[in-house]
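Naming: A, B, ... by sequence-line order, numbering from 1 per chain. Worth knowing before you read on, the calculation uses all heavy atoms, side chains too, and leaves out hydrogens, waters and symmetry mates.
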Number of protein chains: 2
Amino acid sequence: MLTHEMKLVRGQKVEVTMELSERKKEILRAITDVYIETAEPVGSKTIAQNSGLGLSSATIRSEMAELTALGYLEQPHTSAGRVPSAQGYRFYVNELMNRHRLSLQEAEEINRNLTHRLGQLDKMISDIGRFAAKLTSYPTYALTTTVSNLTAERFDLIFVDSNRFIIVIMLSDNSVQNRLVQLTSEVDPVTLGKLSTVFNARFTGITEGAITPELISATERATGDSSGLVSVIAGYAIEVLTSRGSGEAFVTGATRLFEHPEYQDISKARELLNYLSDGSRIMNLPAPDDNQDIKITIGPENLADELKDSSVIVVRYDLGNDAQGLIGVVGPTRMDYSTVSARLSYLARGLSWLFSGGAILPPGDTSRDNGLEDGFKK
Amino acid sequence: MLTHEMKLVRGQKVEVTMELSERKKEILRAITDVYIETAEPVGSKTIAQNSGLGLSSATIRSEMAELTALGYLEQPHTSAGRVPSAQGYRFYVNELMNRHRLSLQEAEEINRNLTHRLGQLDKMISDIGRFAAKLTSYPTYALTTTVSNLTAERFDLIFVDSNRFIIVIMLSDNSVQNRLVQLTSEVDPVTLGKLSTVFNARFTGITEGAITPELISATERATGDSSGLVSVIAGYAIEVLTSRGSGEAFVTGATRLFEHPEYQDISKARELLNYLSDGSRIMNLPAPDDNQDIKITIGPENLADELKDSSVIVVRYDLGNDAQGLIGVVGPTRMDYSTVSARLSYLARGLSWLFSGGAILPPGDTSRDNGLEDGFKK
DNA sequence: TTTAGCACTCGGAGGGTTCGAGTGCTAACG
DNA sequence: CGTTAGCACTCGAACCCTCCGAGTGCTAAA
């Protein structure tokens with residue numbers, strides 16, 4: 001059935017399959033499942049009794065020894081059971097994992113939360129993160145990808161009184177920003193009307209970099225503005241384009257870490273929490289490749305040293321207008337990959353749908369969870 | 001000099017002062033200072049050597065024994081040194097503490113950060129918290145007090161295209177909120193103009209509670225609106241008044257906890273972090289009384305059980321328009337009360353100044369730190 | 001090829017001992 | 001009479017040792 005080769009392992013002839021034998025796969029899967037649940041190294045006896053393979057512990061032991069030699073399992077110390085290695089988790093995620101199928105309750109729970117029409121985008125993003133943390137019981141990061149070609153689409157200047165007015169800018173990502181400006185000088189509605197016409201003509205459709213001092217001073221000359229109104233408005237436009245375009249990051253549910261035994265050691269927890277509290281480093285966390293919607297990064301596959309003992313699952317969703325958001329969870333390598341990835345995927349698809357102008361989801365509609373069907377085997 | 005009385009302590013006649021003798025005060029101060037710095041119970045020898053009182057450890061010991069009997073000190077166990085009790089900290093804070101005077105560098109650092117003109121209020125508040133956490137090296141909470149009589153001052157409806165428009169609402173606290181509305185039906189600029197006139201006439205100056213279903217349906221009849229525009233706009237007004245009026249809470253710098261030895265025990269840290277991650281409970285944290293700008297709550301003085309071993313220092317600042325903000329830090333009872341309260345006070349005064357329309361602070365202007373002069377004694 | 005049997009390994013829990021910082025008390029001192 | 005040196009005592013922290021048992025790898029038999 002599979003290509004075989006013979007190999008000398010510790011002076012003994014041992015069968016080594018290029019791909020693992022079905023039996024080894026079953027054993028690896030069983031060990032990983034148990035370890036994910038219990039966080040305790042798994043012994044041969046446990047597997048012999050629970051896997052339903054009908055093999056004795058001695059047989060399991062020899063298979064486990066081979067899986068260890070092949071790098072799929074590790075032994076914390078000689079007289080302990082086995083634990084999946086990073087390679088083992090990777091194989092489990094790619095081929096063995098029971099794809100978790102969302103229950104109706106889970107899907108409804110997610111739908112219910114999605115339909116809460118939320119307010120401003122940044123608040124919405126942090127709310128999404130909070131919800132994801134609850135959903136997965138791991139710390140979560142939520143961020144929006146940087147938008148490279150963000151432009152202002154529309155300027156409105158609202159006259160409030162002779163020394164106050166409101167700048168309203170609508171951006172190409174359909175977000176709207178405003179600021180109340182207090183002046184020491186005076187304005188009138190007519191001036192503001194003229195200025196907004198000029199700004200709509202000259203400052204729309206251009207990126208933040210194109211708003212040069214030259215453009216500003218040329219506009220000042222053209223409008224005869226001497227009181228600095230033009231530069232106030234242009235400055236706000238730059239500020240908005242910069243901050244909005246550079247994305248934002250939120251971390252929520254950090255205390256969830258403590259729920260997992262691997263972070264009972266304060267220094268482990270501290271290291272990871274410190275990492276997560278640094279906004280700039282969160283931007284460097286893994287993200288799905290362009291052709292994928294989900295990415296699972298296991299332990300040492302992470303670039304950051306602080307994450308070498310942790311795994312990250314991150315999904316992408318569309319915010320419309322080329323902008324995208326990411327939601328990721330961080331947990332121990334012994335993470336519940338199956339459930340977490342299913343829930344995050346479903347959440348991401350719901351969000352994309354919502355941002356593409358989708359209406360409120362019909363409650364209990366789990367028909368959209370394509371790709372979440374039962375996987376390899378129950 | 002002081003009223004004395006004689007009292008039987010453990011069968012021995014012991015001098016008990018109604019107020020503590022100067023020497024006892026000095027010893028209590030010395031013990032508290034050392035303990036705040038080292039987090040280790042303080043022995044009589046340490047004090048004898050470092051306090052400069054010129055007394056032997058035996059004398060110190062007997063004074064310490066009396067301070068313990070009076071409730072100012074505690075003994076973790078018989079053969080350990082002394083630790084200030086909550087009562088001891090309270091006395092220290094009220095009477096003994098060296099009032100920390102900000103250095104020029106500290107004041108400049110704060111000024112520099114204050115002058116960063118920040119954007120939206122909610123983001124600003126979380127930024128203030130972040131800065132305070134950095135300033136004090138303790139976890140920080142920042143929140144705005146609830147504004148009871150918040151009203152909308154002004155409505156503007158901006159026509160974008162036939163099925164999109166922007167609602168802009170200016171509130172009585174001078175904040176401006178907006179939302180882009182996507183319609184399935186169509187609108188035109190004239191309708192929007194009429195609607196904004198009506199909303200400015202009927203919906204301004206009234207609180208959220210006054211926006212009743214009756215008012216909405218009456219407005220619908222008056223404008224002949226059948227496509228639900230009135231209720232969309234009114235609904236947004238309610239949402240904005242509610243969320244803005246109820247204040248917001250942010251916690252930052254939670255991982256600072258780990259810097260202090262009392263939170264090396266994971267369960268302590270976990271308990272406190274869990275408490276701090278619950279937004280609704282943060283609202284219940286102590287706040288200064290009406291006639292004060294700063295409040296220090298020590299250990300068991302806190303109402304919440306989770307805070308019985310922690311102290312909270314919180315300052316208030318004015319946001320203008322009767323609204324106020326709070327910044328608090330949470331740390332071990334062995335908190336550096338002196339430095340933290342000085343820095344927070346200075347920060348709060350700077351913020352009040354800024355929100356009252358104050359201009360950028362002159363760099364290095366420490367003249368405003370009234371009340372931060374050297375206190376009791378250096 | 002599988003399994004029962006067995007000697008072996010080694011981390012963790014439990015218990016005992018040592019160490020020393022700090023105490024309270026007493027008696028002597030200025 | 002307050003202050004101090006001296007001293008016996010206390011008790012937690014650190015260390016060491018032993019025991020226990022889960023789990024292993026190997027071997028020989030089925």
Starting at the 5' end of DNA chain D and moving along, which residue's nearest nucleotide shows up first, B:Glu63 or A:Ser62? B:Glu63

B:Tyr337/B:His100 aromatic ring centres below 6.0 Å: no

Whole angstrom is fine here: how far is it from CD1 in A:Ile47 over to P in D:dG23? 11 Å

Here the distance between atom C1' of C:dG20 and atom NZ of B:Lys45, to the nearest Å, is 10 Å

For C:dT2 and A:Arg23 - does any side-chain N or O of the residue sit under 4.0 Å from the phosphate oxygens OP1/OP2? yes

Look at the side-chain N and O atoms of A:Ser79 and state whether any lies under 4.0 Å from the OP1 or OP2 oxygen of C:dC8. no

d(NE2, B:His77; P, D:dC9) in whole Å: 20 Å

Measuring to OP1 and OP2 of C:dT3, would you say a side-chain N or O of A:Thr59 lies under 4.0 angstrom away? yes

Indicate whether OP1 or OP2 belonging to D:dC11 is found under 4.0 Å from a side-chain N or O atom of B:Thr78. yes

Below 4.0 angstrom, N of the basic side chain to O of the carboxylate: do A:Arg90 and A:Glu301 qualify? yes

Rounded to the nearest angstrom, tell me the gap between atom CD in A:Glu40 and atom C1' in D:dG23. 13 Å

Rounded distance (nearest 0.5 Å) linking atom CG of B:Leu276 with atom OG1 of B:Thr252: 10.0 Å

Counting the atoms with a prime plus P, OP1 and OP2 as sugar-phosphate, which does A:Ser44 contact under 4.0 Å by heavy atoms, base, sugar-phosphate, or nothing? sugar-phosphate

Any side-chain donor paired with an acceptor under 3.5 Å for B:Asp33 and B:Tyr92? yes

Side chain of B:Leu55, heavy atoms from C-beta onward: which of C:dG11, C:dG24, D:dT4 has the nearest atom to it? D:dT4

State plainly whether the residues A:Glu95 and A:Arg29 are in salt-bridge range, i.e. N to O under 4.0 Å. no

d(CE, B:Met64; P, C:dG24) in whole Å: 8 Å

How are the rings of A:Tyr72 and A:Phe91 set to each other: parallel, tilted or perpendicular (split at 30° and 60°)? perpendicular

Whole angstrom value for the distance that separates P of D:dC26 from CD of A:Glu66: 12 Å

Regarding A:Glu262 and A:Lys268, does a basic nitrogen lie under 4.0 Å from an acidic carboxylate oxygen? no

Can you check the B:Arg82 CZ to C:dA21 P distance for me, whole Å? 17 Å

Could you list all N or O pairs between the protein and nucleotides 6-8 of chain D that sit under 3.5 Å apart?
from  : atom 1 : to      : atom 2 : distance (Å)
D:dG6 : O6     : B:Arg61 : NH2    : 3.3

A:Ile31 CD1 to D:dG23 P: how many Å, rounded? 12 Å

